[in-house]
Amino acid sequence: MEYILLIISAVLVNNFVLTQFLGICPFLGVSKDLATAAGMGGAVIFVMTLASAVTWGLQAFVLAPLHAEYLQTIAFILVIATFVQFVELVLKKTSPGLHKALGIYLPLITTNCAVLGVAVLNIKKEHNCLESITFGFGAALGFALALILFTGLREKIARSNPPQCFRGTAIALVTAGLLSLAFMGFAGLVKM
Amino acid sequence: MITLGALFNPRGGIHPAYHKDSTESLPVEAMPVPKSLYVALNQHLGAPSKPVVKKGDVVVRGQPLAEPAGYVSSWVHAPTSGVIRSVESRLTASGQLGPVVEIEADGRDEGLPCTSAPAEWRNLPARELVEMVLAGGVIGMGGAGFPTQVKLLPPQGKVIHTLIINGAECEPYLTADYRIMIEQSEKIRQGVEILHRILNATKVFIAVEDNKPAAISALEKAFRDFAGELAIVVVKTKYPQGAEKQLIYSCTRREVPSGGLPMDVGALVENVGTATAIVDAVVAHRPLVERIVTVTGDAIGQPKNVLARTGTSFRDLIAFCGGIRGNPGKVICGGPMMGVAQSSIDVGMNKTTSGLLLLSRAQIQQYSSMPCIGCGRCVQACPSGLLPCFLSENIEAENYGEAEALNVLDCIECGACAFECPAHRPLVQHMRMGKAKVLQRRRQREAKAGQKEKAS
Amino acid sequence: MELLIQTLIIGGTGLVCAAILAVAARFLSVHEDPRVEAVGNLLPGINCGTCGFAGCGEYARDIVLHGAPINLCKPGGSEIAAKIGASIGVQVPTDERQVAIVLCKGDDGAVKRGVDYNGLLDCSAAQQIGGNGKPCRYGCMGLASCARSCPVGAIEIRKGLAIVHPDLCISCAKCVSVCPRKLIRMIPESRSIHVLCSSMDRGPDVRKVCSVGCIACTLCAKAVNNQGISMKNNLAVVDYSVPLSDEGVIAKCPQHTLEKRVGGKGVCA
Amino acid sequence: MTDSSAGWIVSPSPHTHSGDSVSRIMITVIVALVPSLVAGVIVFGWDTIRLTTICVATCVVAEYIVRTMMRRDIGITDWSAVVTGILLALNLPPTLPGWMAIVGSLSAIVVAKQLYGGIGYNLFNPALVGRCVLLISFPVAMTTWAVPAFVPNASAVDATTMATPLGAWKTAWASGNAPASFFETYPIRSLILGNRPGCVGETSVVALLLGGLILLWRRCISWHTPVLFIGTVAVFAGVLHQADPARNLPAAYHVFSGGIFLGAFFMATDMVTTPVTRSGMLIFGAGCGLITMIIRKWGGYPEGVSFSILIMNALTPLINRFTRPRTFGHKGREMEK
């Protein structure tokens, strides 16, 4: 039950994109087409879940015993980068179309603050191994959900008619703001 | 023979004001042959006919003016006797330029000498009957103008087992088919017998909308002792009930597959007017050179059902019906839903011209450039199950790939969506443009694929 | 000591990761022609699409793998074409610059509109219902589809008539395929004499609807002995394949359909 | 008469029309809102008129100014800004300061509507965006409720304010106690008539239902969304009540209090921001009901209608995508290419 609440909290209440504003770059970058967004969501779920597990292990078994917590950031990024490179290799092999559509945003998951954020938050909230994985998975799920939701909205924005100066990213950011306003309704749903 | 209520109800549809009362009780009136006639050579679907006369030739009524220029094409005959004034590109009732033969009538209206006695068609083989239909220049008179002989010769492997006679006449204002059903129900019966003989169909349906009880009883009387399996289907009054695919669904609950033809579900639909034209062509060897036109609308002096020669100009038709009253907003060839707004009245009527409509400004649709407000009424009205609102937005944004994915090619351009649209968007125009662009893209894609194949 | 631990941790993690990736790369490698990337790097990368391909990358792939012409990149011009040619060893075709011209002169002053139009402001949409009420069935409708298709804004609609500014034209020919009445042609830039009409109606019919249309009087064709201007379907047609130098012919046209325009500095009606 | 002087029109088909238009729909909505406005005036008095005037005036003026700045057609003749203004006013507590109402109206018209290009292009219901911006920015002012005109149980009232039924229930249980004399303070009859604290226009179920019927009769809305919205809330609340009658309000209380009727008939049926297909409307209504009840039961707010509709607005493009009707002559539903 606790784990389910953790997931609900990460998906709805503390959605990484919509209430914590992490990972905005790919959120805006790959939300133009449903299939691409779903692919990105999948990639992020993979990277985030595994990175949560590995970084937790790295912290618990290497950094903490050796009192080298100050190396957290750089070591975590190393791990994340590996996973991202791995996903990139897999996608290039299995789904070149998706690989092409994701373009620069795929390697950019490395520097996606959402992924690093999950790893760091796991340590900060003193999650155990299973909690870390659950939290990582939930956060990634929330990211994917927000991405897919936003894709639908982007499609409608593409047909809308904003003033010249608001076209493109500007109106997308306004929309993200309104979406996050709507998600405020979930505030207080899970007290964690 | 039996009379059936509505069998199946196709999806969507609208209920416009019908305005049929001003002409439905008026008997058909024959119009004298006018001085000049403008006979278009592209009245039918398919290749325009090839002219066989030239400027200065003298012709008599029923003499061929042009011959078929392909398999899907038709003969065009002289509607009266006179001199050919010109054969050139002119404005036609479709709104486009097309080959037109201008005839100056000599006033004598002589016909071809009768070469053979009325044929005893019952003894002739089907093949010969089809030849006679072709020679008579018969085309679908409901509006599309598909050459009838092509429909009567299904390719190998296709069997037509259901014949549907279309008397729905769902377009508002028009009463031409209604008058045919009342005044010539016996002739329709003869036409059905000929079609029955050609096709050997197992089932015959005659579909009439339930707002035409007089036509139904006239048909019931004419067909009461018909030998084959025949049913008069009283379909629900709604637009576009008379559209070919919708009517097939109403009678058989079969859907013509996307991109297919009625014969793919074993059906053939003929308009009641076409049925009478077939009788003329087969029994009397008389080619199709005249038809009944409903001249109506609130800007015409005297609404009438007129029997007029093909090529009669709209100007002459209007003059015969009491001239223009007041200030017309639109002159429309055909009905108000699918007809073509004319930019000139010096245009000849076709074999497919079922009506000429003069509407005042108060009666007509005014299109605007307002954005879609997403009410979804077009979605509910669309008989094809499309999403006209999103289609039009995508086509406006030149997003033709998405338009293709939304099946724009399945649009039948009936106009139900634009009739309902509270934002008055020109949805049908969007669809037509989208269809053209999607087809163009497809051709380009195929050409490119062909090139690549060649290169590799 | 501290330094050693740091080095060991980061180095060790990096080593493990590198090992994993090395193994993965071995099993998941994909081969791609290196020339595609080379050509792609030469292209401007703005994905304008004027070459007719879906972006620069696609065009690069087509050049290398399917032998597409190398001079299609308009923004890059001849300079980039030369570079691409050098990198993959293909000769650059050299031709005179082509510019678009609208062969109609019937603006709102010359053609009186008889019937109003109520529908989409798009040429091909209007053409499907026979035009937008301008009585000439061959001339420019002025609904600006060509102007919208022009990637550089070289087409202006002036008094209901499309006019190309040749100095801005990048010869992409997009407008040519957009015009439903086929009024736009690509011609060599140096050609200066044009018959600005496309109507195939007979003279009296043209006169009825347009004050500057070609009435097929044949004076111009006779003046040049059918060398460079010839009559075809009730219309004088300029043969742009050869230069036409005799400028006296312009004065011959009673309708002022013939006009002289050079390289963008010409007189536009 | 010659052609050139005839002056008639060429246009694409069809040449005839049903006669309905956007401005007619908007005027019908305004007419349908009149009963609720009247009810608001009866229950909360002058504040109703004050807020409505401020919101409508701000919306119309803002729309006019923004359209002029964007150099677009001035679209205010379609009456949509008036509708937004009235709907926003009906969604505000009666005592809200005027300047806050102005802030809400500006968020509604400028941010939620005109930034996207005006009517037809907005993604979220403008009035609800206005309300939620206010709710998050001024939580105290937005949850201070005036005492209605005819209080059945005066003992539950301090001098000037009173809690809404849902608010009273939630606050009491937050501290672990059942609210005292709840069913005497808020009898079901006054919930239906509208004699209870709440937003200006959400209280009178009778008036809202009357308006909803006008919209249904004039074909401005279809029954799908409201029925599924209210039905889902009723079923959800009913199940909860069955499971634990002491802690959960009966279904009727959930349905008749809060903004369910206002939301179901006037906000969840907004044409622009809701699905176009019938099945989409069903999903939309059910989703609204579900999210409303989740927020009411487990969320931080006592009321969730506004947020639930906004969230479903965000889902609308996806719902439209996945509820495409089957095209005539095609085999299956093609959801996605």
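Letters go in sequence order (proteins before strands), and every chain restarts at 1.
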What distance do [X] atom [atom1] and [Y] atom [atom2] have between them, rounded to the nearest 0.5 Å?
X       : Y       : atom1 : atom2 : answer
C/Thr7  : A/Leu71 : OG1   : CG    : 9.5 Å
A/Gln85 : C/Ile20 : CD    : CD1   : 12.5 Å
A/Ile77 : C/Thr13 : CD1   : OG1   : 13.0 Å

Checklist entry - Tell me, side chain or backbone of C/Ile9 under 4.5 Å from chain A's heavy atoms, or both, or neither? => result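 Just the side chain, heavy atoms under 4.5 Å.
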Checklist entry - For C/Ile10, is it the side chain, the backbone, both, or neither that has a heavy atom closer than 4.5 Å to a heavy atom of chain A? => result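 Both parts, backbone and side chain.
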Checklist entry - For the residue pair A/Leu89 and C/Ala24, what are the closest heavy atoms and their distance? => result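 For A/Leu89 versus C/Ala24, the nearest heavy atoms are CD1-CB, 4.1 Å.
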Hey, is [atom1] on [X] packed in by over 12 heavy atoms from elsewhere, all under 6.0 Å?
X        : atom1 : value
C/Tyr117 : OH    : yes
C/Ile88  : CD1   : yes
A/Glu69  : CD    : yes
A/Phe137 : CZ    : no

Item to check | Side chain, backbone, both or neither of A/Ala75 within contact of chain C (heavy atoms, under 4.5 Å) | outcome: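 For A/Ala75, backbone and side chain are both near chain C.
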Checklist entry - Can you say whether A/Phe83 sits under 4.5 Å from chain C via the side chain, the backbone, both, or neither, judging by heavy atoms? => result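 A/Phe83 has no heavy atom closer than 4.5 Å to chain C.
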